[in-house]
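Below: one structure, written as structure tokens.
Because the structure is predicted, anything quoted here is derived from the model rather than measured.
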Amino acid sequence: MTILEIIEKKKNKKILTKEEINFWIEGMLKGEIADYQVSSLLMAIVLNGMEKEEIFYLTDAMINSGDKIDLSAIDGTKVDKHSTGGVGDKVTLILAPLLASFGLKVAKMSGRGLGHTGGTVDKLESIPGYRVELSREEFVNQVNKVGVSVISQSGNLVPADKKLYALRDVTGTVDSIPLIASSIMSKKIASGADLIFIDVKVGNGALMKTIDSARELAHTMIEIGNQYKKKTICILTNMEEPLGFAIGNSLEVKESMNALKGMGPEDVMELIIKTAGLIVSSVEEIELEEAEQQCFKKFNTGAAYEKFEEMVKAQGGDLEKLEISNRIFSVRSAKAGYITHIDALGLGEIARKIGAGRLQKEDKIHYQVGLLLNHKVGDFIEVNEELLKVYLDDIDVKVNDILDCFTIEDEPIEKAPLIYEIIK
Ligand code: URA
């Protein structure tokens, strides 16, 4: 068997065997297959797709490429969630403690942000003292004791994905359902949870541009989950505007803290209640409506917020020291009208440029900078009314670049729903 034969086979739309896929993944990690050959095979997969069995073999080979996290020392149902990435997406910060307040176990490994999307780990690191790196033992002990821990992804979790993702990023081979599904699910399965919840973002600022493609991705991931006897639930949600009002690390932590007290932005609360409701109703085998009602109670009684405080404290963080920049300026609307579109990608880029994110892996983040919107799509705004506040450190921003992210028109539009579909 040679890699050239495998590339030729996929080029000719043939189905790859388990042995061929293992040969590719193992050879790639040993450095025996050149990057240009892997890239060529990836492009053949993007163009010709993969059958279900090939996707299962690929996911399996990726899982077996590195560490598998054993969560068997944690009692109770272990829950994990993943989002395909968005601007202002702070769901994990709110959802993880909320689920723990129900007695579910959340042993969550998260990533850092790259480009215009922020990462949960960076957001948590904006809390002074918060340790995102715990030993395996500390992690398991904390989840058993507190019910929740969010840490940074282990260095050797699915190394095949790290290699493939880096190549895909620079060879135009990211947007392939078999490759995305195997990339996400291999990491989730290797992380060891019993129930996997995935938020598939749809829209201009997201990887999936249409509901049809998002639906196909969701079905593929559910089938992979079923193969491993993992209950997998997907939600398709709108990513046409940022989630909530805050973009930037400590600003998002502050917004999440309000949400944990039941006082977050409407869209954030809607998504959290639906997500937690679906997970709790599935685990506890109760009606969705009842589970959603119980979520409100967890906010109102302070139980969800207390879990968050407990988690932060257990990981060394000090919420009293959370800082937001005091170099603030207002961006005001140049005209009156209805906001018909907010460019999430554009605002994410601006936040990244002022220091909230990084362009290169080694870039330093300025945790206290970011954007705080005053308005969402559908709102009416007067001329000279404040559109948003910018929190700056030492990097400036052009006001016109921000204004260009907002479309303001005379007529209102019908706003698309936040949650398109639930697939399980
Ligand atoms: N997120 C992942 O983890 N992998 C992909 O391929 C796309 C999004």
Side-chain angles (χ1 to χ4, degrees), residues 25 29 55-84 91-93 95-112 119-121 124 131-162 164-165 180-199 218 220-234 275-276 278-280 282-284 307 311 314-315 424:
I25 297 298
L29 285 176
I55 300 175
F56 297 151
Y57 299 147
L58 176 58
T59 309
D60 211 49
M62 288 169 69
I63 294 169
N64 291 329
S65 72
D67 293 349
K68 283 176 248 176
I69 313 294
D70 180 6
L71 299 181
S72 59
I74 298 172
D75 308 321
T77 306
K78 278 84 74 180
V79 178
D80 199 357
K81 67 80 69 170
H82 181 82
S83 150
T84 57
V91 167
T92 297
L93 301 183
L95 184 69
L98 171 61
L99 293 174
S101 74
F102 279 91
L104 301 182
K105 297 294 164 63
V106 189
K108 172 106 186 81
M109 294 194 189
S110 284
R112 294 188 183 279
T120 301
V121 164
L124 284 168
R131 288 168 61 214
V132 297
E133 273 167 33
L134 299 185
S135 69
R136 197 63 57 81
E137 201 189 347
E138 285 175 309
F139 182 51
V140 166
N141 285 347
Q142 183 176 321
V143 179
N144 263 330
K145 196 162 155 247
V146 181
V148 55
S149 176
V150 183
I151 60 168
S152 124
Q153 202 164 290
S154 127
N156 199 37
L157 192 88
V158 196
D161 181 63
K162 281 202 188 81
L164 287 176
Y165 202 90
I180 297 172
S182 54
S183 162
I184 293 175
M185 290 306 284
S186 59
K187 286 174 285 195
K188 294 291 108 183
I189 290 160
S191 301
D194 308 308
L195 186 147
I196 299 167
F197 188 97
I198 298 172
D199 180 357
T220 308
M221 292 192 291
I222 289 169
E223 279 170 302
I224 297 174
N226 290 343
Q227 283 282 313
Y228 291 87
K229 309 219 168 355
K230 306 278 186 192
K231 173 84 187 153
T232 307
I233 305 172
C234 293
T275 303
L278 282 162
I279 294 172
V280 170
S282 169
V283 176
E284 314 248 318
K307 267 291 159 220
M311 173 184 84
Q315 289 185 234
K424 43 187 176 168

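Across Ala100 and Val146, no two heavy atoms sit closer than the pair CB-O, 4.4 Å. The two residues Ala160 and Met62 have their closest heavy-atom pair at CB-CG, 4.0 Å. Between Val79 and Ala193 the shortest heavy-atom distance is C-CB, 4.0 Å. Considering all non-hydrogen atoms of both residues, Ile198 and Met185 come closest at CD1-SD, 3.6 Å. Of all non-hydrogen atoms in Ala190 and Asp67, the two that sit nearest each other are CB-O, 3.9 Å. The two atoms that bring Phe139 and Ser149 nearest to each other are CD1-OG, 3.4 Å, heavy atoms only.
Between Thr220 and Ile55 there is a side-chain heavy-atom pair separated by less than 4.5 Å. A 4.5 Å side-chain heavy-atom check between Leu71 and Val143 finds every atom pair outside the cut-off. Looking at Ser282 and Ile279, their side chains never come closer than 4.5 Å, going by heavy atoms from C-beta outward. Residues Val150 and Val106 fail the side-chain proximity criterion, which asks for heavy atoms closer than 4.5 Å. Proximity of Lys81 to Leu95: side-chain heavy atoms (C-beta onward) are separated by under 4.5 Å at one or more points.
Exactly one of Ile189, Ile222, Leu195 qualifies for a side chain to side chain contact (heavy atoms under 4.5 Å, CB included) with Thr232. That residue is Ile222.
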side-chain contact (heavy atoms from CB on, under 4.5 Å) between Val280 and Leu99, worked out: CA-CA 8 Å; Val280 170; Leu99 293 174; 4.1 Å; yes
For Met109 and Val121, what are the C-alpha separation, side-chain angles and deciding distance, and is it a side-chain contact (heavy atoms from CB on, under 4.5 Å)? CA-CA 9 Å; Met109 294 194 189; Val121 164; over 6 Å; no
When you look at Met311 and Leu124, which way does the side-chain contact (heavy atoms from CB on, under 4.5 Å) test go after all the steps? CA-CA 11 Å; Met311 173 184 84; Leu124 284 168; 4.2 Å; yes
Using side-chain contact (heavy atoms from CB on, under 4.5 Å), reason through Lys188 and Met221 one step at a time and then give a plain yes or no. CA-CA 10 Å; Lys188 294 291 108 183; Met221 292 192 291; over 6 Å; no
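Distance OH/Tyr165 to CD1/Ile180: 7.5 Å, rounded to 0.5 Å. For the atom pair Leu157 CG and Ile63 CD1, the distance stands at 10.0 Å (nearest 0.5 Å). From Gln142, atom CD reaches atom CD1 of Ile74 across 10.0 Å, with rounding to the nearest 0.5 Å. The CD atom of Glu284 sits 8.0 Å away from atom OG1 of Thr77, with the distance rounded to the nearest 0.5 Å. Atom NZ of Lys187 is separated from atom CD1 of Ile196 by 12.5 Å, given to the nearest 0.5 angstrom. Rounding to the nearest 0.5 Å gives a distance of 7.5 Å between CD1 of Ile151 and CD of Gln315.
Salt-bridge annotation for Lys108 and Asp80: present, with a side-chain N of the basic residue lying under 4.0 Å from a carboxylate O of the acidic one.
Formation of a donor-acceptor pair under 3.5 Å by the Asn144 side chain with backbone atoms of Asp75 is found in this model.
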